[in-house]
Amino acid sequence: MNRYWSKSIAGLDPYTPGEQPQDHAYIKLNTNENPYPPSPAIAKVIRDYEIDQLRRYPDPESSALIESLAAYQGVDRNQVFVGNGSDEVLAHAFQAFFRQDYPILFPDISYSFYPVYCKLYQIDYQQPALDEAFCINIQDYASSNGGIIIPNPNAPTGIALETGAIRELLADNPESVVIIDEAYVDYGAESACQLIPEFPNLLVVQTFSKSRSLAGLRLGYALGHEDLIEALQRVKNSFNSYPINRLTSAIAMAAIADEDYFQDCRKRVIASRERLSTELQRLGFEVFPSSSNFVLVRHPGHAAESLYSELKASGILVRYFNKARIDNCVRISIGSDDECNALIAALSEIIG
Ligand SMILES: *Cc1c(COP(=O)(O)O)cnc(C)c1O
């Protein structure tokens with residue numbers, strides 16, 4: 001602890017992102033990035049960009065981007081909030097909604113950023129356990145709580161909830177904000193967006209990082225009742241007036257407009273996931289049923305940590321979590337077909 005630090009800083013427990021090593025050209029199957037490049041329409045936006053515009057601050061309300069997201073998602077413009085990555089949107093949402101008298105709830109196996117935000121904003125939390133098959137049991141979320149957050153599909157399990165279960169969760173918890181983190185929804189789950197008109201306590205969060213191949217752009221957004229969106233704007237306008245830069249807005253709008261390319265990439269990843277799952281099962285892996293762009297797997301004869309290290313030694317990065325209940329699993333992001341083939345070849349060697 002440095003003597004210049006505020007007291008609260010010493011007590012934080014920051015998130016550790018997946019490795020992004022610069023030393024070596026790994027096959028990166030560890031951070032759920034998209035194996036395909038962003039829409040080719042983006043190259044033109046960047047090429048034609050009028051550089052002089054960068055002299056000026058961007059629109060603090062990101063109106064043009066919000067209009068295009070609202071039109072795309074079929075909601076009103078005052079039901080959309082944008083931020084610098086969905087991680088920023090989530091952080092604002094924790095601050096805006098979750099500092100309550102009761103603890104908030106999220107699954108014991110879930111996105112490991114949630115407890116980090118809780119520590120940052122001094123929010124108590126409880127973590128109902130997933131069942132043996134790593135599924136969420138909605139009944140576990142019926143007790144008094146200060147809010148609920150669930151990724152759908154869940155990460156790092158990849159398992160999706162049905163819209164009926166989310167509806168039940170929302171109806172059971174009218175006093176709490178329920179956040180559905182849909183970082184991976186485009187790979188096979190049904191979006192809870194359709195429930196927004198019915199439930200003023202629902203906030204849906206999505207990102208351009210995964211299914212739109214734009215992790216480097218940093219853009220995420222939330223959809224929900226206008227009163228929830230207004231709360232997020234209050235936090236944002238007390239933190240950073242301009243989280244979305246001019247180029248990000250222009251690039252994101254081009255990505256939204258290129259629906260064919262988006263659908264094509266999304267379907268290719270889903271097809272590769274199904275093929276990879278079959279091949280992993282053939283090697284003796286148990287593969288949890290994934291609706292996302294990664295698979296969580298375990299092997300009865302091989303410890304996950306050594307699989308991770310041996311794959312790394314052969315130039316392939318996957319994600320290992322040293323965490324109760326999943327420390328015998330590795331999470332593998334779906335790569336291109338060549339990358340998946342290289343993974344299967346390396347695993348065949350290791351497993352023999
Ligand atoms: C990747 C991920 C995010 C963060 O996405 P960014 O928009 O890149 O900040 C949020 N939630 C979950 C569950 C994720 O896996």
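In each ligand, atom 1 is the first atom listed, and ligand 1 is the first ligand listed.
- The protein atom (non-hydrogen) at minimum distance from atom 5 (O) of ligand 1 is S86 OG, 3.0 Å.
- Taking the ring axis of Y36 as reference, the NZ or CZ atom of R268 stays within 45° of it and closer than 6.0 Å to the ring centre.
- Protein heavy atom in closest approach to atom 13 (C) of ligand 1: D181 OD2, 3.3 Å.
- For atom 14 (C) of ligand 1, the nearest non-hydrogen atom from the set E182, K210, R218 comes from K210.
- Between Y57 and Y242, the ring planes are parallel. Angles under 30° get that label, and only those over 60° would be called perpendicular.
- When side chains are defined from C-beta on, I180 does not count as touching L203, because their heavy atoms never get closer than 4.5 Å.
- In terms of heavy atoms, S272 sits closest to I334 at CB-CG2, 3.6 Å.
- Under a 4.0 Å criterion applied to the non-hydrogen atoms of S209, ligand 1 contributes the atoms 6 (P), 7 (O), 8 (O).
- For ligand 1, the atoms closer than 4.0 angstrom to any heavy atom of A183 are 2 (C), 11 (N), 12 (C), 14 (C).
- The option from T31, T207, N152, V205 that lies nearest to atom 7 (O) of ligand 1, judged by heavy atoms, is T207.
- Given atom 15 (O) of ligand 1, the protein heavy atom at minimum distance is Y184 OH, 2.5 Å.
- Assignment of G220 to the shell around ligand 1 is not supported, since no heavy atom sits closer than 4.0 Å.
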Checklist entry - Can you check side chain to side chain donor-acceptor pair (under 3.5 Å) on N341 and R275, steps first, answer last? => result CA-CA 10 Å; N341 291 341; R275 195 176 65 87; 3.3 Å; yes

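- The distance from ligand 1 to the heavy atoms of G85 drops below 4.0 Å at these ligand atoms: 7 (O), 9 (O).
- Aromatic pair Y187/Y184: centroids not less than 6.0 angstrom apart.
- Residues Y117 and Y121 keep their aromatic ring centres 6.0 Å or farther apart.
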